Amino acid sequence: MEVFIASVLLAVLMAIGLVAHLKTDMPKFLKAVGVAQLALAIGIALYVAVTPLSPDEVMYYLFLAAVLWALSYMERSKWRNVRAVR
């Protein structure tokens with residue numbers, strides 16, 4: 001049950017990041033890459049929520065989702081800072 005709650009919470013937080021990523025002014029290709037990363041991360045988190053996995057597999061998949069989320073966030077914050085400098 002704890003894994004389900006944590007995975008769904010992580011997916012909700014990533015969905016908030018997805019909305020923020022879509023609102024950021026950046027090149028369309030980079031926006032598409034970030035959206036794909038976040039969609040994959042949300043899918044992984046929801047997969048973990050509904051699939052019975054061993055604790056090692058849960059940690060591996062959630063770590064993979066968090067890495068994708070972090071990469072998307074770093075890319076978005078880079079462009080947010082570039083826009084502020086202009």
Side-chain angles (χ1 to χ4, degrees):
M1 186 65 177
E2 298 87 11
V3 172
F4 176 79
I5 293 169
S7 298
V8 169
L9 181 62
L10 186 62
V12 168
L13 291 173
M14 287 184 214
I16 293 169
L18 180 64
V19 170
H21 196 81
L22 288 171
K23 290 184 176 184
T24 303
D25 183 30
M26 58 193 313
K28 289 184 181 186
F29 175 74
L30 293 177
K31 188 178 283 193
V33 169
V35 167
Q37 287 172 339
L38 284 167
L40 182 61
I42 291 169
I44 290 170
L46 293 177
Y47 171 77
V48 169
V50 298
T51 307
L53 299 169
S54 71
D56 289 339
E57 290 173 326
V58 168
M59 293 305 295
Y60 170 75
Y61 283 124
L62 290 183
F63 176 75
L64 181 62
V67 167
L68 289 169
W69 186 23
L71 288 172
S72 176
Y73 177 79
M74 287 188 307
E75 187 175 300
R76 181 173 50 92
S77 58
K78 174 186 156 194
W79 281 97
R80 187 175 56 218
N81 293 337
V82 167
R83 187 178 59 180
V85 171
R86 285 186 205 170

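Along the sequence shown, residues are numbered consecutively beginning with 1. These numbers come from the heavy atoms of this one structure, side chains and all, not from hydrogens, waters or symmetry mates. Since we're looking at a predicted model, the values are computed, not measured.
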Run the side-chain contact (heavy atoms from CB on, under 4.5 Å) test against [X] and tell me which residues pass, sequence neighbours left out.
X: Y47; answer: T51, L53, Y61
X: F63; answer: V67
X: P52; answer: none

Any link between [X] and [Y] through a network of hydrophobic side chains (Ile, Leu, Val, Met, Phe, Trp, Tyr) touching at under 4.5 Å?
X: M59; Y: L68; answer: no
X: V48; Y: L40; answer: yes
X: L30; Y: W69; answer: no
X: L38; Y: Y73; answer: no

Which pair of non-hydrogen atoms, one from L62 and one from A45, has the smallest distance, and what is that distance?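 It is CD2-CA, 4.4 Å.
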
Go through the steps to decide whether L46 and V50 satisfy the test side-chain contact (heavy atoms from CB on, under 4.5 Å), and finish with yes or no. CA-CA 6 Å; L46 293 177; V50 298; 5.9 Å; no

Residues 3-22, side-chain donor-acceptor partners within the protein, below 3.5 Å, at least two apart:
{"residue": "S7", "atom": "OG", "partner": "V3", "partner atom": "O", "Å": "2.8"}

